Amino acid sequence: MIDRRLIQNFDWYLLLLTFAISAVGLLTLYSATSSGGKAHPAIVMRQMYWLGLGLVVMVLAFSVDYRWLERFAYPAYLAGLLPLVAVLVMGRSVSGSRRWLDLGFIVFQPSEIMKPLLMIALARYFSQEGRGTSYRLRDLLVPAGIILVPAALVLLEPDLGTAGLLILIGASVVLFVGVKLSSLFLVGGVGLGCIPLLWLIMKPYQRQRILTLFDPDKDPLGAGYHIIQSKIAVGSGQIWGKGFLQGTQGQLRFIPEHHTDFIFSVLAEEWGFVGCLLILGLFLCLLLRALQIARRSRDRFGMLLCVQIAAILFWQLAINTAMVLGMAPVVGVTLPLVSYGGSSLLVTLGCVGVLLNVHMRKFIFQN
Amino acid sequence: MSALKHLEMPDLEAERRRFQVVVAVVMVAFIILALRLWYLQLIRGEYYRTLSETNRIRVENLPPPRGTIFDRHGTVLVDIRPGFSLAIIPEDIKDMDETLTALSQVLGYDKSVLEERVEMAESEPPFRPIVLIRDMTRDQLAAVESHRFYLPGVVVQIEPRRSYEWPAFAAHLIGYVGEIDERQLKDSRYVGYRQGDYLGKYGVEQQWERVLNGQRGGRQVEVDSAGRQLRVLREVPALPGQNLVLTLDANLQRRAEEALSGKAGAIVALDPNNGDILAMASSPAFDQNRFVRGLSTKDWQDLIDDPLHPLNNKAIQGAYPPGSTFKPVVDTAALEEGVAEPGTTLGCQGQMYFGNRFYRCWEKRGHGRIDLYQGLVRSCDVYHYQLGLKLGVDRMAEYARRLGYGSRTLIGLSNESRGLVPNSQWKLKRFGIPWQKGEDLSISIGQGFLLVTPLQQAVGYATLVNGGKIVQPRIVQRVESPEGAVLEEVQPQVLGEAKLKPTTLEFMRRAMAGVVQDPGGTGKAARLPGILVGGKTGTAQVVRMADNEPRNRDLKSVPYEYRDHAWFVCFAPVEAPRIVVAVLVEHGGHGGSASAPLARQVLEEFFQIKPPTAVGQKKPATETGETQED
């Protein structure tokens, strides 16, 4: 049943890169969660379970021809909006924001699931309406809606980081397919115009949280402190780093998110400049590979899908590292494959699966 | 195929260029990140390495001082004082076990208690102080300070603490603050609060939390490896909370609490014209300062298990049958509905036969033929039974509701009871049984399903004597800045109009004055020299008495929990009332003897009248059965 060419075209290089980054992630996580020489393997074990589950998702994601995704793009997108609304109504509230939905047997973040669904919907839209380089304003109304509706729902949780990511994915693909400059400014203007509207809907404490993101001084004990400590951790790594399990800043748990959002600072402290360049190099190879797969894909849908996957990996990486290095506000964006977190890992590995999928089927002609 | 490819060529060319742009963007981003890393790790690396190894940056919490609470005359009721907490910073401690042993010896504390606190904070980062003892005494503080040198990593934190100036004063109204608990930490309303923060948990402290609580400050300090502070890097000072000026009159409140001491019950005094709460006492009370220090589980359990419920604000949470204090409501309904006129006379033989049962009057000998005025002044049950039958429950309920009974007064304190004003529809829905005519008789003397709170009584009587407007009770007059500038005036609110005829109101006021001032009145014990007082007594049955039991039993012969509740609600001066006082003594017996004297003490304070001498205090309660009304 399985076409031999599928196996021949399997992208072992991409898979190897993914495993390499994940392995570095696990090591860093092990170091980040141990303190005073004592390891707390529970979190590492859990991450490994998630990794295993993620591999299953990855296999599923490349087994089935990705054109199935095209067929169900819109229904799946609409279905993905439901939990986003549900989480606002009945979500589990953790320190002031409702992001988690508890289904009894599993707790998950609907906003994570929205990421791939949004990418698929946008890929489908732009692959069908393809008109080359001349997208005008009215052609962009529908995609603007597709992007802004889930983004607005996520912003209400409030989860500024993920909302921003959704918008960045959308903006990246819109820019990629090519837009008339005038239309671009108009859409951007409308998007900016929506912000005060959202501001009015939000509750005072939600506004407070968002204000703090942009002005860490408002919370002198919180975000501002994290940034300073993060910079100390990164800087103290110097060229070669302090060595595995030798970091003091990370293990002293100076920040509550040391194993999620700020894990890069642990890595930088222990592996130094050389280690950082290495992991950044791995990520760079991954991104370039994703773009290469996009370019060589058989159809426009596959290409747009891969471009968006590259985009989301790129933006998460860029925002997360910029935040850790004190160049961006502290928002809840994780480092793909490295930060601790189940939903994010599953989605990332699923995305890698789709890349493998598109790569495998680049030479197969449509029946 | 080749033809197809040819057609797509320009597109492919555009695409190729687009990919080149994308790759360029990615490369630029990576170069920026690498440069940043270069700067942090190579150029500034030495500096950060030193920081991470020898010097550390700490964050110190600067909790905000809470706003002060004043009474209406500017007397300070609640303030702040410095509190000294003992904390340790695990990171700076060489030998935890040794340190804890030393501390337990110096302070005379059980070591296991200290260990428990350390264990609880195990998941916290080691640079964050663990508070071992909140609010040390002066002696403890001195002991620690003299040993500080030998105890590295032990710190004394000075924090503003809540101080309730007089223990237990207006405890239920003002409430208390306590450490934030697990549940509140997760509540989205308390975003920004952290473990160890204090917040209002009861009363005004809870309801006005947002105003009273200031804004936390913080300080980033650089410390050396021994934990000594080297320099302050940045400091954001804490902003104090705003002050509240209450409507409460401290002297009146104290008098009310004294009057209630040794009893269980509540006293509410309010201004009928604007709803200002002048006094609100609930007895027994509790010392709020104990909550600031933190109650042990056992102390907390004792407070909860106390049969007299000291934590309940009986003035707003306690719902009791009103007994005869409900008769003015029945009379008002009768006058408004044309069921009776002031001149309507009805007979009382000491009991009334209805539906196979005798309904008794508290006066066994009967009141004879009396009119409405006498019916109220002498609190005749049989007279009111007859009015109740003519009116029916639904019309009585309608007027009770118009006076504010059966709904919350919206005083703005949590756990306010709405009481219960039953009507026929309610009973059918609740029990599936239609209303029985005999129950009209119970309602007419304030028994049956009827339940009211002392505050509702005060508001209801205020409505009768202020021309018919339902005032919303007001506790806070205004909000002031820490410097004393007025930030916000809380305006008195009128919630609605009772829509009663002026002639009805005029008659009710005259009749209630008769209750206190007339020779045969049941409220004589509340008389004041030179000032006319009006009111109504009430004795509310707690358990339904057997038919053959005498109505006027000796109080002592009945077990405490079966004794009647004693009510008295009054207003003064009759011509232009400035104060309404509602008194309830749980299981106190008769309203005229148990509650009216307490009301008089409050009125004396309000009108600045010297208490009468011992001779004048000849107890009205002993003046035979006449005052032993029902």
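Heavy atoms only: backbone and side chains are in, while hydrogens, waters and symmetry mates are out. Here is the naming used below: chain letters follow the sequence lines, and residue numbers restart at 1 for every chain. Please read all numbers here as calculations on a predicted model, not as lab measurements.
- By the neighbour-count criterion of 12 heavy atoms within 6.0 Å, atom CD of B:E98 is sparsely surrounded, having that number or fewer from other residues, nucleotides or ligands.
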Kindly determine whether B:R44 and A:K231 satisfy side-chain contact (heavy atoms from CB on, under 4.5 Å), including the steps that lead there. CA-CA 10 Å; B:R44 304 268 289 161; A:K231 273 157 64 175; over 6 Å; no
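- Heavy-atom neighbours of chain B within the stretch residues 315-323 of chain A, taken at a separation under 4.5 angstrom, comprise A:L317, A:T321, A:A322.
- At least one donor-acceptor pair closer than 3.5 Å links the side chain of B:R36 to the backbone N or O of A:L325.
- Ranking B:V26, B:V23, B:I32 against chain A, the residue ahead of the rest is B:V26, based on heavy-atom pairs under 4.5 Å.
- Contact of the B:Q41 side chain with the A:I239 side chain is not registered, since no non-hydrogen atoms from C-beta on lie closer than 4.5 Å.
- Your options are A:S172, A:G241, A:C276, and the one with the most heavy-atom pairs under 4.5 Å with chain B is A:C276.
- Here A:F283 and B:F30 keep their ring centres 6.0 angstrom or further from each other.
- A 4.5 Å side-chain heavy-atom check between A:L291 and B:F19 finds at least one atom pair inside the cut-off.
- Only the side chain of A:F314 comes within less than 4.5 Å of a heavy atom in chain B; its backbone stays farther off.
- If you measure heavy-atom distances from A:A268 to chain B, the contacts under 4.5 Å come from both the backbone and the side chain.
- In this structure, the separation between CE on A:M327 and CG on B:L40 is 8.0 Å, given to the nearest 0.5 Å.
- Atoms OG and CD, from A:S236 and B:E46 in turn, are 10.5 Å apart once rounded to the nearest 0.5 Å.
- Atom CE in B:M27 sits 5.0 Å away from atom CG in A:L284 (nearest 0.5 Å).
- Heavy-atom distances place no part of A:A310 under 4.5 Å from chain B, backbone and side chain included.
- The greatest number of non-hydrogen atom pairs below 4.5 Å with chain B, out of A:V307, A:L175, A:L277, A:L280, is found for A:L280.
- Interface summary for chain A: among B:L42, B:V22, B:V25, B:V21, the most heavy-atom pairs under 4.5 angstrom belong to B:L42.
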